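This is a predicted model, so every value here is computed, not measured. As a basis for the values below, the full set of heavy atoms in this structure was taken, side chains included, without hydrogen atoms, waters or symmetry mates.
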Amino acid sequence: MRSVTYSMNISLDGYIVGPDGGFNWSEPDEEVFRFWIDDIREVGVHLLGRRLYETMLYWETAEQDQSLDDAQREWIALWNPLPKVVFSRTLSTVRGNARLLSGGLADEIERLRAEPAEGDIAIGGAALAAEAAASDLIDEYRTVVYPVLVGGGTPYFPQHERRVDLELVESRTFGSGVVYHRHRVVRQG
């Protein structure tokens, strides 16, 4: 069965965006960007909330930018054809290789898990991940932790007031001091 993964850049104090809504503190250097390129190769479909979808829209037309480096072009070649499902109650259309849903996250995950397709089911966006976590649908939490305290904002970890036991399965420290952790959810039975 396909794994559901939740991966995001976060501050050391656990936020994906700061109190001002900004995330410029998480601009990846070349080594971290290469890591994200390798990571996206393992994804078969990406589920996004509206805000993350709108942030990632840049890549839909970025290939026209002559100043892109080889790594950015490689990212575009992987990201743009990747199937995406955007969950939004406010958008009426989406672009690229995406389709729009207004609800039914659990049903969509179950449908995707039943498909004979390859690759992880990746979730991006705090609100969407919180909904998946509340239904115990996330199999792995993957954090790329930046050495900065932003003091508030949108938290990475969903607040669903229940204990979730995790097992560290991978960790890596980059030259910039950024640290990657991959934790698998430990399920009883």
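- Contact record, W75 with M56: CZ2-CE, 3.7 Å, taken as the closest heavy-atom pair.
- Annotation for D70: atom CG does not count as buried by contact number, only 12 or fewer foreign heavy atoms lying within 6.0 Å.
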task = Carefully, step by step, assess L91 and E54 under the rule side-chain contact (heavy atoms from CB on, under 4.5 Å).
result = CA-CA 10 Å; L91 294 175; E54 289 175 340; 3.6 Å; yes
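- Between L100 and T93, the shortest heavy-atom contact is CD2-N, 4.0 Å.
- Partners of R73 under the salt bridge (Lys or Arg N to Asp or Glu O under 4.0 Å) rule, at least two apart in sequence or in another chain, do not exist in this structure.
- Between N97 and N80, the closest side-chain pair of non-hydrogen atoms is not below 4.5 Å.
- E30 meets the side-chain contact (heavy atoms from CB on, under 4.5 Å) test with no other residue; sequence neighbours excluded.
- The structure places CZ of F23 at 9.5 Å from CH2 of W25, a figure rounded to the nearest 0.5 Å.
- Cluster annotation: Y58 and L52 are assigned to the same hydrophobic cluster (Ile/Leu/Val/Met/Phe/Trp/Tyr, side-chain heavy-atom contacts under 4.5 Å, transitive).
- Residues forming a side-chain contact (heavy atoms from CB on, under 4.5 Å) with A106 (at least two apart in sequence, or on another chain): L137.
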request  = Please lay out, stage by stage, how V4 and I123 fare under the test side-chain contact (heavy atoms from CB on, under 4.5 Å).
outcome  = CA-CA 7 Å; V4 176; I123 293 181; 3.6 Å; yes
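- Side-chain contact check for W36 and N9: at least one donor-acceptor pair (N or O, by modelled atom type) lies under 3.5 Å.
- Every pair tested for salt bridge (charged side-chain N to carboxylate O under 4.0 Å, His left out) that includes a residue from residues 7-20 fails, sequence neighbours excluded, so the list is empty.
- With respect to the salt-bridge test (charged N to carboxylate O, under 4.0 angstrom), the residues E118 and R2 do not qualify.
- A distance of 12.0 Å separates CD1 of I138 from OG of S3, quoted to the nearest 0.5 Å.
- Between the side chain of R51 and the main chain of A126, no donor-acceptor pair closer than 3.5 Å is present.
- In this view, R41 and D38, E74 satisfy the salt bridge (Lys or Arg N to Asp or Glu O under 4.0 Å) rule, not counting sequence neighbours.
- Here E170 pairs with R182 under the salt bridge (Lys or Arg N to Asp or Glu O under 4.0 Å) rule; sequence neighbours left out.
- In this view, D165 and R163 satisfy the salt bridge (Lys or Arg N to Asp or Glu O under 4.0 Å) rule, not counting sequence neighbours.
- R184 has its side chain out of reach of D139: every pair of non-hydrogen atoms, C-beta onward, lies at least 4.5 Å apart.
- Residues L48 and F87 form no side-chain contact, since every pair of their non-hydrogen atoms from C-beta on lies 4.5 Å or further apart.
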task = Quick one: do R113 and E110 satisfy salt bridge (charged side-chain N to carboxylate O under 4.0 Å, His left out)? Show the steps, please.
result = CA-CA 5 Å; R113 280 186 166 161; E110 292 308 315; 3.7 Å; yes
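- In this structure, the side-chain contact (heavy atoms from CB on, under 4.5 Å) partners of S67, at least two apart in sequence or on a different chain, are D65.
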Expected list for residues 171-179: side-chain donor-acceptor pairs under 3.5 angstrom, two or more places apart:
{"residue": "S171", "atom": "OG", "partner": "Y180", "partner atom": "O", "Å": "3.4"}
{"residue": "S171", "atom": "OG", "partner": "H181", "partner atom": "ND1", "Å": "3.2"}
{"residue": "S176", "atom": "OG", "partner": "D29", "partner atom": "OD2", "Å": "3.4"}

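- Each salt bridge (charged side-chain N to carboxylate O under 4.0 Å, His left out) pair with one or both residues in residues 81-105, not counting sequence neighbours, appears once here: R99-E108.
- Taken to the nearest 0.5 Å, the OG atom of S11 stands 10.0 Å off from the CD1 atom of I16.
- Residues L166 and V186 have side chains not in contact (no heavy-atom distance under 4.5 Å, counting atoms from C-beta outward).
- Inter-residue side-chain proximity for L128 and L105 is flagged as met; some heavy-atom pair is nearer than 4.5 Å.
- For T90, the side-chain contact (heavy atoms from CB on, under 4.5 Å) partners are R50, S88, not counting sequence neighbours.
- Residues V32 and E27 form no side-chain contact, since every pair of their non-hydrogen atoms from C-beta on lies 4.5 Å or further apart.
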Only pairs under 3.5 Å count here: list side-chain donor-acceptor contacts from residues 142-158, not counting sequence neighbours, and write none if there are none.
{"residue": "R142", "atom": "NE", "partner": "E140", "partner atom": "OE1", "Å": "2.9"}
{"residue": "R142", "atom": "NH1", "partner": "D39", "partner atom": "OD1", "Å": "3.3"}
{"residue": "R142", "atom": "NH2", "partner": "D120", "partner atom": "OD2", "Å": "3.4"}
{"residue": "R142", "atom": "NH2", "partner": "E140", "partner atom": "OE1", "Å": "2.6"}
{"residue": "Y146", "atom": "OH", "partner": "S26", "partner atom": "O", "Å": "3.2"}
{"residue": "Y156", "atom": "OH", "partner": "Y6", "partner atom": "O", "Å": "2.8"}
{"residue": "Y156", "atom": "OH", "partner": "R142", "partner atom": "N", "Å": "3.3"}
{"residue": "Y156", "atom": "OH", "partner": "R142", "partner atom": "O", "Å": "3.4"}

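- Nearest heavy atom pair, residue I121 against residue L47, reads CG2-CD1, 3.8 Å.
- Using a 4.5 Å cut-off on side-chain heavy atoms (C-beta onward), L101 and V86 make no contact.
- Taken to the nearest 0.5 Å, the CD atom of E60 stands 8.5 Å off from the CH2 atom of W79.
- Expressed to the nearest 0.5 Å, how far CD1 of I109 lies from OG of S135 amounts to 8.0 Å.
- Between Y15 and I10 the shortest side-chain heavy-atom distance does not fall below 4.5 Å.
- Residues V169 and M1 are members of separate hydrophobic clusters, defined by side-chain heavy-atom contacts under 4.5 angstrom among Ile, Leu, Val, Met, Phe, Trp and Tyr.
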